[in-house]
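Here the structure is laid out as structure tokens; the discussion comes afterwards.
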Amino acid sequence: IIGGLEKKSKIISPGEKKTIAYHEAGHATVSWMLEHASPLIKVTIVPRGKSLGAAWYLPEERQLTTTEQMLDELCTALGGRAAEEVFFKKISTGALSDLEKATKMAYAMVSMYGLSKAVGNISYYDSSGQQSGFTKPYSEKRAQAIDEEVSNIIEEQYKRAKDILTKHKLKVKKLGSELLINEVIFKTDLERVFGERKWKSYEEEKLVKLDEKKDSKKKSKIEHDKTA
């Protein structure tokens with residue numbers, strides 16, 4: 001069970017519920033507008049476990065991940081907090097798990113995968129596991145450069161998320177309002193509000209082909225039954 005069991009009995013004030021709805025609408029919108037972000041399947045604001053809202057995406061199975069793909073995923077993770085600032089001019093503690101995810105991704109980009117121009121093609125990943133947790137294999141100056149680059153990456157993607165939400169503000173508001181009323185939205189709801197997504201992941205293309213194959217089999221069976 002993803003995110004735990006539904007807890008509809010959890011008491012949430014109308015103001016908090018609205019914040020959660022727009023927060024989740026922010027994630028959904030940013031992911032819909034970015035080529036390399038995982039496409040949305042379903043979003044709910046019904047509390048599950050410790051989570052006040054949840055989203056399901058169709059992640060692309062990758063053996064390799066590019067800088068652009070990581071940045072799009074990072075930007076999507078920040079879409080919830082960005083929506084709070086854009087629509088309510090204030091932010092909340094609801095973005096804790098998003099910020100944790102974004103921070104870990106940014107540090108991995110800079111210090112593990114060498115995907116930062118500022119720090120360069122260097123990896124401090126220790127595949128042997130012999131490094132002590134109390135010492136770092138780089139100087140204080142390098143540590144400062146890594147921290148600054150991580151902050152820059154996160155702030156750039158946060159601004160990018162806000163720009164996307166501001167550009168599509170009326171549609172995001174419509175999506176947030178629908179989520180507030182219905183407590184759940186699906187991919188079809190995003191297609192109705194924003195139009196069909198410009199890009200399809202490899203997994204989506206496979207699902208489309210599978211559906212087409214099933215439809216073709218059904219049509220063949222119907223034709224066979226008619227002539228029998």
Side-chain angles (χ1 to χ4, degrees), residues 1-34 37-57 59 70-109 147-148 150-187 189-190 193-194:
I1 300 170
I2 300 173
L5 295 170
E6 288 188 354
K7 291 186 177 179
K8 291 191 175 183
S9 60
K10 184 176 282 189
I11 299 172
I12 300 174
S13 71
E16 286 180 326
K17 192 174 181 181
K18 186 175 183 180
T19 299
I20 296 164
Y22 278 73
H23 180 107
E24 296 299 337
H27 284 305
T29 301
V30 175
S31 72
W32 197 257
M33 296 298 169
L34 296 178
S38 298
L40 180 90
I41 298 173
K42 172 185 174 183
V43 178
T44 178
I45 58 169
V46 176
R48 286 175 176 271
K50 293 181 179 180
S51 176
L52 298 176
W56 287 260
Y57 296 90
M70 289 195 79
L71 289 175
D72 281 4
E73 293 291 353
L74 206 156
C75 186
T76 299
L78 296 169
R81 168 159 283 193
E84 291 182 27
E85 184 174 338
V86 168
F87 287 95
F88 306 117
K89 306 301 179 187
K90 55 186 177 183
I91 54 178
S92 73
T93 57
L96 175 59
S97 61
D98 301 328
L99 296 177
E100 180 185 7
K101 178 182 177 181
T103 303
K104 285 180 178 178
M105 284 180 68
Y107 268 107
M109 287 180 68
D147 288 343
E148 286 177 356
V150 166
S151 293
N152 289 338
I153 288 171
I154 291 173
E155 288 310 309
E156 283 173 9
Q157 295 311 309
Y158 183 62
K159 182 182 181 302
R160 187 182 176 206
K162 287 196 296 181
D163 289 344
I164 290 169
L165 296 172
T166 301
K167 181 179 178 180
H168 302 282
K169 195 169 184 179
L170 292 177
K171 291 181 178 179
V172 182
K173 188 175 181 180
K174 179 177 174 59
L175 197 66
S177 298
E178 287 189 13
L179 191 51
L180 190 59
I181 295 167
N182 302 320
E183 295 190 328
V184 62
I185 55 173
F186 297 91
K187 177 184 174 182
D189 296 306
L190 269 82
V193 174
F194 294 109

Determine the minimum heavy-atom distance between P59 and Y57, stating which atoms define it. CD-O, 3.0 Å
Residues K167 and D163 bridged, charged N to O under 4.0 Å: no
Could you grab the distance from atom CD1 of I185 to atom CG of L180, nearest 0.5 Å is fine? 11.5 Å
Value rounded to 0.5 Å, distance of NZ in K171 from CE in M33: 6.5 Å
Mind listing the closest non-hydrogen atom pair of A161 and A82 along with its distance? CB-CB, 3.9 Å
Looking at A28 and L40, what are the two nearest heavy atoms and their distance? CB-CD2, 4.1 Å
Can you find a heavy atom in the side chain of R160 that is under 4.5 Å from one in the side chain of D72? yes
Regarding E84 and T19, is there a side-chain donor-to-acceptor distance under 3.5 Å anywhere? no
Under 4.5 Å between any side-chain heavy atoms of L99 and R81, yes or no? yes
When you check the gap from the basic side-chain N to the acidic O, do E100 and K104 get nearer than 4.0 Å? yes
side-chain contact (heavy atoms from CB on, under 4.5 Å) for L78 and I154? Distances and angles first, verdict last. CA-CA 8 Å; L78 296 169; I154 291 173; 4.1 Å; yes
Atom CG in L175, atom NE2 in H168: separation rounded to 0.5 Å? 12.5 Å
Separation between CD of E73 and OG1 of T76, rounded to the nearest 0.5 Å: 5.5 Å
To the nearest 0.5 angstrom, please state how far the CD1 atom of I164 sits from the OG1 atom of T29. 9.5 Å
So do the side chains of E183 and I45 get within less than 4.5 Å of each other, counting heavy atoms only? yes
Is the closest side-chain heavy-atom distance between L71 and I153 below 4.5 Å? yes
Can you confirm whether E24 sits close enough to L179 that some side-chain heavy atom of one is under 4.5 Å from a side-chain heavy atom of the other? yes
Heavy-atom nearest pair, K89 first then V86, reads NZ-O, 3.7 Å
Suppose we screen for ring-ring contact (aromatic ring centres under 6.0 Å, His included). Which residues come up paired with F87, at least two apart in sequence or across chains? Y22
Side chains of H23 and F88 in contact at under 4.5 Å (non-hydrogen atoms): no
Which heavy-atom pair separates M105 from L74 by the least distance, and what is that distance? CE-N, 3.8 Å
Taking NZ, NE, NH1 and NH2 as the nitrogens, is one of them in E178 or K174 under 4.0 Å from a carboxylate oxygen of the other? yes
OG (S13) and NZ (K18) are apart, to the nearest 0.5 Å, by 12.0 Å
If I compare all heavy atoms of L165 with all of G79, which pair ends up nearest, and what's the gap? CD1-O, 3.6 Å
